[in-house]
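Report on the following structure.
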Amino acid sequence: MWKWDQGRMQYFQYDILRTMASFIVEYDFKNTDPSFIRQATKLDFSAPRTHSPWRNYSRIFKLCFLVYESEGIAIPTDAAKILSQSGMVTCDEFIHFLVEATTDPSPALSDWAKLESGSIRSPLCFSLKYLLAKVAGLNEFITPINEIISAYVYSGFNGDEEDTDFLDLLGKRSHFPDITRHGDPRQARESIKFISQISYLYISGSNIVASLSQEDAHDIFHSINPISGPRCSNGNDEIQRLASFFKDGTEHDFFEYKGTILSNVLESGFHEGSKVKKTHIIIERNTKLRNLYFDKFPSPICRSCQMDTSMKYPWVNRILDLHHILPLSSGTRVDSRTGTLLEDLTPVCPTCHRAIHRYYDDYLKKNKKNDFDNKDEAQEIFFQAKQSIVKGDCYA
Ligand SMILES: [Zn+2]
Ligand SMILES: [Zn+2]
């Protein structure tokens, strides 16, 4: 966990991981021509043009359990095969899987070879459980990222402890060490930001904020645990083993969040039903994310029909919805400096919002898909929907 590559944080984003999963399934990432890799993935891999992206970037995709190496070639994992299929899983499902699979040390890194038995910890599972225990047990939703790191250092927990252990630990917060005294824990912070792609989390300044009910936090706490079983001594074998634990969407019941969030979803006017759409709507209904967005961009204009909602409905404060422009199953992307990427969201009036989703439904049905393949397709169809709206007052 503490060795994530800070300069390449954007490559840990879910939409990029999906793009790479598709590439890795079709081609040998290690031995394919560098310019072809750039062209096929539309990613620039900031490295000299002559260098294979494999050299500087394979570590990222190994950390995310998409690829392993055997006899000099790059082989897609089971997780990559599932992820490469459009609409098969949601961002939440994949990030929760990475939470359960990620270990310290990681089989993707060289210190795996020096591993002594019994010294494996699950830092992401620890971090998420810490956040969930805080919501479920103490009704506290905001946590400084440095507090999680201090708790990890102080507790020695593996990530498989019970809720009572976490509550004990939370009671000892005043004893946590000041981790900034041993240098800036930047890499640890980056990996915690990574999990904020989950739809009920987001970053605000140096804090991570949870936006879910206490019951949901309790349920999710009890449904995550580090993946167990005998470890392989070879890192590549271990990546392959852990990746085989990732299952397609039909097996993940606990993502059907109960409590307040789901009831918000069911009240919405959209034709949901699939988990892909639910994740999308959970992000759009995230009150805290919404406040964060409108504090930053207070304009009352619908980006679709250009209506000034403050003129038309002067008595309502903020009637605009937030629409999330990435593929329906995407989480909110994370910017390593500023936290959540608010640019993936766009304000539209509730009528346009419903119409846009109707447009999406028609498009996906016509193309026999559950979801958009990537960010570009999602943006293109959003643009088309916007273009198709007839401007002006036609009911005068
Ligand atoms: Zn509108
Ligand atoms: Zn929407």
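Numbers here simply count residues along the sequence, with the first being 1. Just follow the structure's listing: the first ligand is 1, and inside any ligand the first atom is 1.
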When the ring planes of [X] and [Y] are compared, do they come out parallel, tilted or perpendicular, using 30° and 60° as the limits?
X: Phe246; Y: Phe97; answer: tilted
X: Tyr154; Y: Phe176; answer: tilted
X: Phe157; Y: Phe126; answer: perpendicular
X: His96; Y: Tyr200; answer: tilted
X: Phe23; Y: Phe36; answer: tilted

(message) Can you tell me which N/O/S atom of His357 has the shortest distance to the Zn ion (ligand 2)?
(response)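 Nearest to the Zn ion (ligand 2) within His357's N, O and S set: NE2.
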
(request) Measuring from the Zn ion (ligand 2), name the closest N, O or S atom belonging to His323. (result)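 Atom name returned: ND1.
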
(request) Could you tell me whether any N, O or S atom belonging to His324 is less than 2.8 Å from the Zn ion (ligand 2)? (result)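 It does not: His324 brings no N, O or S atom closer than 2.8 Å to the Zn ion (ligand 2).
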
(request) State whether Glu284 contributes an N/O/S atom found under 2.8 Å from the Zn ion (ligand 2). (result)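 It does; at least one qualifying atom falls short of 2.8 Å.
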
(request) Assess Lys288 against Tyr293: is NZ or CZ under 6.0 Å from the centre of the six-membered ring, and within 45 degrees of the ring's axis? (result)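 Because its charged atom misses either the 6.0 Å distance or the 45° angle limit, Lys288 does not stack over Tyr293.
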
(message) So, at under 2.8 Å, which protein N, O or S atoms would a careful student list around the Zn ion (ligand 1)?
(response)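 Only Cys302 SG, Cys305 SG, Cys349 SG, Cys352 SG fall inside 2.8 Å of the Zn ion (ligand 1).
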
(message) Any side-chain to backbone donor/acceptor pair from Tyr11 onto Phe45? Under 3.5 Å, distance only.
(response)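 Yes, Tyr11 side chain to Phe45 backbone: donor-acceptor pair under 3.5 Å.
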
(request) State, yes or no, whether a side-chain contact exists between Asn225 and Lys129 at a heavy-atom distance under 4.5 Å. (result)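 Contact flag for Asn225/Lys129 side chains = yes.
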
